Q: 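Mind having a look at this structure? Questions to follow.
Both ligands and their constituent atoms are indexed starting at 1 by order of listing. Keep in mind the model is a prediction, meaning the values are calculated, not measured.
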Amino acid sequence: MRINLISLFPGMFRCVFEESIIHRASCKGIIEIRLIDLREFGLGTHRVVDDAPYGGGGGMILRPEPIARALESLPERGHTILTTPRGGLFQQEDALRLSLETDLTIICGHYEGIDERVNALFVDEELSIGDYVLTGGEIPAMVIVDAVVRLIPSVLGKDTTATGDSHYAGLLEHPHYTRPRSFRGLAVPEVLLSGNHQRIRQWRDAQSLEKTRQMRPELLERSLPETRPHDPGKKKP
Ligand code: ADE
């Protein structure tokens with residue numbers, strides 16, 4: 001997958017993408033990340049990228065020409081996303097859908113917003129990572145890239161799978177334990193030491209349901225019944 005990131009602050013991505021799973025995926029050639037500095041496409045000698053809004057009001061708006069030029073400089077744009085707090089809420093199912101693309105382009109919004117004509121001409125999808133406002137779209141773009149890349153087959157090692165993740169089946173993940181068996185008076189649940197894989201699976205499913213019920217009960221309404229483990233606590237209608 002080729003991922004293009006158009007940003008006024010491309011340096012923000014380097015430390016994140018030069019570490020860990022994203023870095024390994026780049027080294028293995030599974031993904032290719034291209035950072036495009038929007039400033040290079042700015043207007044005039046001062047490389048201007050923004051201007052005051054028509055109709056008045058505070059703040060500055062990203063002008064359309066630099067973004068258009070940056071997008072048109074790309075050999076392949078593919079599915080084009082704008083990160084903005086007014087976008088649709090980015091969820092695990094979006095990460096899964098986007099992990100199937102061969103080319104992704106993310107425009108990182110900034111200032112008060114971006115000229116609406118960019119949306120009309122170039123943007124396939126506006127995405128928000130949550131109901132709060134950040135100073136720019138770079139961190140949301142990192143979040144999206146991270147969530148998408150780890151779902152590309154062969155990115156996670158053969159011993160790790162995304163299918164057990166929180167949100168994968170619409171539920172939160174069950175608790176995990178490793179050595180030592182007892183830590184500061186707290187023992188690892190006996191069932192995990194039993195070697196009985198069916199009992200372990202049942203325990204994990206029940207824990208996953210319980211954790212979801214406690215922390216995010218609204219997810220239980222949304223999760224697909226066929227992907228959900230049997231819920232012994234649920235009353236028949
Ligand atoms: N830009 C600023 N805040 C944002 C958010 N919550 N999601 C996506 N882009 C943003």
Q: Should we say atom CZ of R181 is surrounded by more than 12 heavy atoms from elsewhere, each under 6.0 Å from it?
A: no
Q: So is G136 close enough to ligand 1, meaning a heavy atom under 4.0 angstrom away?
A: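 Yes, G136 has a heavy atom closer than 4.0 Å to ligand 1.
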Q: Please confirm whether G130 comes under 4.0 Å of ligand 1, counting heavy atoms of the residue only.
A: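 Under 4.0 Å: yes for G130.
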Q: For atom 6 (N) of ligand 1, what's the nearest protein heavy atom and its distance?
A: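 Result: Y132 O, 2.8 Å.
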Q: Please confirm whether T135 comes within less than 3.5 Å of ligand 1 when only nitrogen or oxygen atoms on both sides are compared.
A: no
Q: Does atom NE2 (H176) have a neighbourhood of more than 12 heavy atoms from anything else shown, all under 6.0 Å?
A: yes
Q: Checking the side chain of N4 only, and the main-chain atoms of D103 only, is there a donor and an acceptor separated by less than 3.5 Å?
A: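 No; zero donor-acceptor contacts below 3.5 Å.
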Q: Between E126 and T84, does any side-chain donor sit less than 3.5 Å from a side-chain acceptor?
A: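 Side chains of E126 and T84: no pair found under 3.5 Å.
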Q: Can an N or O of L134 be found at a distance shorter than 3.5 Å from an N or O of ligand 1?
A: yes
Q: Would you mind running through ligand 1 and noting each atom that sits below 4.0 Å from a heavy atom of L127?
A: 8 (C)
Q: For ligand 1 and I129, I'd like to know whether there is a polar contact (N/O to N/O, distance under 3.5 Å).
A: yes
Q: Have Q91 and H167 got a donor and an acceptor in their side chains that come within less than 3.5 Å?
A: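 There is no such pair between these side chains.
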Q: Taking E210 first and then R213, would you say they form a salt bridge - that is, a charged N and a carboxylate O separated by under 4.0 Å?
A: yes
Q: Considering non-hydrogen atoms of the protein only, which is the closest contact for atom 1 (N) of ligand 1, and what is the distance?
A: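 Nearest protein contact, heavy atoms only, for atom 1 (N) of ligand 1 is P85 CD, 3.4 Å.
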Q: For R97, look at atom CZ and say whether over 12 heavy atoms of other residues, nucleotides or ligands are found less than 6.0 Å away.
A: yes
Q: Is any N or O atom of V133, backbone or side chain, closer than 3.5 Å to an N or O atom of ligand 1?
A: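 No: no nitrogen or oxygen of V133 is under 3.5 Å from one in ligand 1.
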Q: Tell me whether D37 is salt-bridged to R39, with the criterion being a basic N under 4.0 Å from an acidic carboxylate O.
A: no
Q: For ligand 1, which atoms have a heavy atom of P140 less than 4.0 angstrom away?
A: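 With P140 as reference, the close atoms of ligand 1 come out as 7 (N), 8 (C), 9 (N), 10 (C).
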Q: Side chain, backbone, both or neither: which part of T84 has a heavy atom under 4.0 Å from ligand 1?
A: backbone
